[in-house]
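Right, one structure below, let's go through it.
Lettering of chains follows the sequences in order, A, B, ..., and the numbering in each one begins at 1. Please read these numbers as outputs of a predicted model, since none were measured by experiment.
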Number of protein chains: 2
Amino acid sequence: MGDQDLKKSGLKVTTPRLKILYILEQDKTGHLRAEDIFSKLKEENQDVSLATVYRVLTSFEEVGLIKKHNFSDGHAVFEINHGEHHDHLVCNECGLIEEFVDDTIEKRQEDIAKNKGFKIIDHTMIIYGICRNCQNG
Amino acid sequence: MGDQDLKKSGLKVTTPRLKILYILEQDKTGHLRAEDIFSKLKEENQDVSLATVYRVLTSFEEVGLIKKHNFSDGHAVFEINHGEHHDHLVCNECGLIEEFVDDTIEKRQEDIAKNKGFKIIDHTMIIYGICRNCQNG
DNA sequence: GTCCGTGCAAAGGATTTGCATAATC
DNA sequence: GATTATGCAAATCCTTTGCACGGAC
């Protein structure tokens, strides 16, 4: 499985790449930092250096296997690219990340870009707030 | 003028703060990095350390005098907070930044947050693309 | 065997911090 | 005069890079 994904992407199949791809696929939060991946590898006694984690993430992003997002606390998070674009809600208290898609917003964005003469490459939208749980806490 | 803004915000009036506020107010792009401000101060022979620039920007942000935005190339930019929220279009070629406001999008965001049980604190939306100029270049 | 991927340690950029001094209120 | 801001240099966080070695194809 991971094997196929890597080959299809034109990347050589190596242990670090397989392991990291697997971690990204299994992740429930869907949004891991390089450090998080590094820790998970360590937990499994996988000897992969942090430098390699970054290099693997970079090449995964280049071939479109994953997506990178920059949140306001200065670090990047990565998630498997399932093809369908989506945006994010981030809880400022607990860090919970929820995803959403909204066609109305997507369409408006295209109109806006067109008006300004921009050719869209990508876009990110992040709503920062307090999630239900933290409000009740 | 700057004097008043600072006093109203409960910040002590100091030369670095006045100078930095002035630079932010005068800036045409509306989006400066800490380094940019530091350079501008140097050009004017103002002896303000980079550390102070960061500290001043942080306190300005805390009192709501300015807004901070995190773009995808890893550094933050700052702009005067004129009260009205707006979002950004960024050119990946030349770095041009354009602003826009769209009520439809704003409203949809509120609905989405409400559905998910989030209390919105803030949000950012950035469209990355190629501007008209760079497309023709 | 060739080429690409990896580990290690060192470098890099952006931002923060500790401490002594200097300025504001 | 008490409190807060500043300068300087060192520290920190996240990420990248140079180089020699090891593994994939």
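Atom CG in B:Leu11 sits roughly 10 Å away from atom P in D:dT6 (whole-Å rounding). Atom CD of A:Gln46 and atom C1' of C:dT6 are 14 Å apart (whole Å). The distance from atom NZ of A:Lys68 to atom P of D:dC14 is 14 Å, rounded to the nearest whole Å. Rounded to whole Å, atom C1' of C:dA14 lies 14 Å from atom CG of A:Asn70. The distance between atom CG of A:Leu18 and atom P of D:dA24, rounded to the nearest whole Å, is 10 Å. Straight-line distance from the CG atom of A:Leu50 to the P atom of C:dA10: 16 Å, rounded to whole Å. Nucleotide D:dT6 holds its C1' atom 13 Å from the CG atom of B:Leu41, rounded to whole Å. Between the NZ atom of B:Lys7 and the P atom of C:dT24 there is a distance of 12 Å, rounded to whole Å.
A close approach under 4.0 Å does occur between a side-chain nitrogen or oxygen of B:Thr52 and OP1 or OP2 of D:dG7. Between A:Tyr54 and D:dT16 there is no side-chain polar atom (N or O) within less than 4.0 angstrom of OP1 or OP2. One finds a side-chain N or O of A:Thr14 lying less than 4.0 angstrom from the OP1 or OP2 phosphate oxygen of C:dT6. Contact between the side-chain N/O atoms of A:Arg55 and the OP1/OP2 oxygens of C:dT6 is not found at any separation under 4.0 Å.
Going from atom CD of B:Glu25 over to atom CG of B:Leu65 covers 8.0 Å, rounded to the nearest 0.5 Å. To the nearest 0.5 Å, atom CZ of residue B:Phe60 and atom CG of residue B:Leu6 are 5.0 Å apart. Expressed to the nearest 0.5 Å, how far CD1 of B:Ile130 lies from CD1 of A:Ile121 amounts to 3.5 Å. To the nearest 0.5 Å, the span separating NE2 on B:His88 from CZ on B:Phe100 amounts to 9.0 Å.
Between A:Arg132 and B:Asn115, the closest heavy-atom pair is NH2-O, 3.9 Å.
Relative to the side chain of B:His75, the nucleotides C:dA9, C:dA14, D:dC8 differ in distance, and C:dA14 lies closest. When each of D:dT6, C:dT6, C:dT15 is scored by its nearest atom to the side-chain atoms of A:Val56, the top-ranked nucleotide is C:dT6. Closest contact between the side chain of B:Ala34 and the listed nucleotides C:dC4, C:dT6, C:dT15 involves C:dT15. The side chain of B:Lys12 sits closest to C:dT24 out of C:dG7, C:dT24, D:dT16. Here the side chain of B:Val13 is nearest to one of D:dT15, C:dC25, C:dT15, namely C:dC25.
Judged by closest nucleotide on DNA chain C, B:Glu35 is the one of B:Glu35 and B:Thr15 placed further toward the 5' end. With DNA chain D read from its 5' end, the first of the two nearest nucleotides for B:Ser49 and A:Phe78 is the one closest to B:Ser49.
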